[in-house]
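Numbers here are sequence positions counted from 1. Atoms within each ligand, like the ligands themselves, are counted from 1 in listed order.
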Amino acid sequence: MKIEKEQILVENQQQTTFHNESFDFLGSSLDKRGVDVEEVVQRLADFQVAIPSWALGAGGTRFGRFSFYGEPATLEQKIDDVGVLHALTGTAGAISLHIPWDIPEDYKAIRERAASHGLIFDAVNSNTFQDQKDAKESYRYGSLSNRNEAVREQAIQHNLDVIKIGEKLGSKSLTVWLADGSNFPGQDNFQTALLNTEDSLKKIYAGLPEDWKLFIEYKPYEPNFYSTVIQDWGTSFLLANACGEKAYTLVDLGHHLPNTNIEQIVSTLMVKGKLGGFHFNDSKYGDDDSTTGSVKPYALFLIFNELVYGMQHNPQNPYPAWMIDASHNIKDPLEDLIQSLEAIQEAYAKALLVDQEQLKVAQQQNDVVQCQEILQNAYRTDVRPLLERARLQMGSALHPLMTYRSLQVRDNLIKERGRHTVATGL
Ligand code: LRH
Ligand code: MN
């Protein structure tokens with residue numbers, strides 16, 4: 001399934017007049033607020049988010065999984081689905097693979113297929129949270145932290161193999177997330193587990209190509225429910241510092257205990273030059289992996305407000321990696337991802353409208369009320385015409401979801417692939 005530019009142009013024609021009116025109206029009011037509208041639109045067009053290869057089929061929980069039919073059963077079909085997202089949104093220009101769920105057979109063919117959709121390969125993800133059927137050692141009691149050196153060596157070698165796979169695809173970063181931890185008090189010696197993990201990460205870091213980054217992802221719990229070795233940003237941060245300048249902390253929005261101030265974590269990591277990137281999603285309770293911006297859109301805006309400030313004031317922090325990490329239990333995966341991409345662009349656009357100079361003055365004057373007014377003035381702005389204009393400029397759809405439905409993409413995928421294909425992943 002490939003969506004041609006012409007199909008999108010036809011769909012856009014019906015909505016262009018209304019778009020131009022709302023864009024001109026918003027543009028003139030933003031002009032009065034001293035906003036460089038063209039620059040905001042260009043920043044939105046340049047903002048590319050990587051799509052997780054493991055979230056293109058129906059997700060599930062231990063209580064069940066409901067298929068969506070027409071799911072991608074091969075890596076080639078997964079790349080085509082990300083191609084559909086990129087054609088419609090213009091902002092899904094990369095795919096993030098998970099190994100061994102997505103090991104390419106023909107690297108040249110896979111690179112060419114991705115390139116045919118205008119896609120690059122973002123971070124590759126290792127997997128030492130599941131045992132592979134032919135594996136010599138088990139990760140039941142941990143991987144990089146395991147008390148058994150042979151298990152640690154196997155996990156280290158897996159990560160080095162994943163780097164080799166990424167190199168053949170043009171990827172420039174490795175994401176390590178560890179399920180390692182314990183389910184009961186007394187099961188683990190916390191210090192041994194942490195020091196083993198640090199030592200193992202250093203051995204992986206030693207195998208990192210010069211121009212690569214290592215992203216260390218933290219998570220407070222699940223699948224272990226008493227302790228997790230890399231449980232929070234502080235642990236990831238100290239491990240990244242222990243490894244070296246190419247190691248960074250990766251922030252998965254769902255990996256925080258309730259009411260954690262994630263925007264403050266983001267600002268701390270940026271000023272210390274250790275914010276590597278994001279796994280965008282949303283959650284009400286745990287690591288729900290729900291649609292980004294579907295539960296706490298204001299929190300997402302506050303995170304982007306810190307990102308915009310950091311990208312202006314922290315040259316010591318590299319340009320972060322933007323990735324989605326979600327699981328679709330009841331929504332069509334592609335519709336869910338379109339909604340996430342929209343919410344991410346919307347939060348970024350609103351954050352770009354924050355008058356940082358005015359905010360600085362109000363903060364210096366301790367005018368707390370004015371500080372909130374400045375943030376909420378930006379947040380309360382309907383920025384959708386800016387997102388639409390960015391998409392128009394990229395030749396993608398003014399309204400991606402509407403166009404996805406009117407082009408009957410899911411029905412066509414079912415015709416092509418049948419009803420019972422199942423995508424590898426979560
Ligand atoms: C762990 C996680 C990690 C991935 C996995 C698919 O919860 O967020 O990023 O490896 O989901
Ligand atoms: Mn994640």
Distance under 6.0 Å and angle within 45° of ring axis: Lys168 vs Tyr107: yes

N/O separation below 3.5 Å, [X] to ligand 1:
X	answer
His98	yes
Asp289	no
Glu217	yes

Between Asp287 and ligand 1, which residue portion shows a heavy-atom distance shorter than 4.0 Å: side chain, backbone, both, or neither? side chain

Counting heavy atoms under 4.0 Å, the part of His255 that contacts ligand 1 is side chain

Give the atom name of whichever N/O/S atom in Glu217 sits closest to the Mn ion (ligand 2). OE2

Considering only N, O or S atoms of His279, the one closest to the Mn ion (ligand 2): ND1

Going by heavy atoms, is Asp325 under 4.0 Å from ligand 1? yes

Between CE of Met270 and CD of Gln312, what distance do you get to the nearest 0.5 Å? 10.0 Å

Show the atoms of ligand 1 that are less than 4.0 angstrom away from any heavy atom in Asp252. 8 (O)

Provide the number and element of each atom of ligand 1 under 4.0 Å from a heavy atom of Trp54. 6 (C)

Is the NZ atom of Lys284 crowded by more than 12 outside heavy atoms at less than 6.0 Å? no

Got more than 12 heavy atoms from elsewhere within 6.0 Å of CZ, Arg417? yes

Taking the Mn ion (ligand 2) as the apex, Asp252 OD2 and Asp325 OD2 span an angle, rounded to 10°, of 100°

Can you find a side-chain donor-acceptor pair between Ser182 and Asp188 that sits under 3.5 Å? no

For the rings on Tyr226 and Phe184, is their centre-to-centre separation under 6.0 Å? no

Taking all non-hydrogen atoms of both residues, which atom of Thr228 and which atom of Pro220 are closest, and how far apart? OG1-O, 3.2 Å

Between Asp199 and Lys203, is the salt bridge (charged side-chain N to carboxylate O under 4.0 Å, His left out) condition met? List the steps. CA-CA 7 Å; Asp199 179 61; Lys203 289 181 176 143; 2.9 Å; yes

Using 2.8 Å as the threshold, say whether any N, O or S atom from His255 sits that close to the Mn ion (ligand 2). no

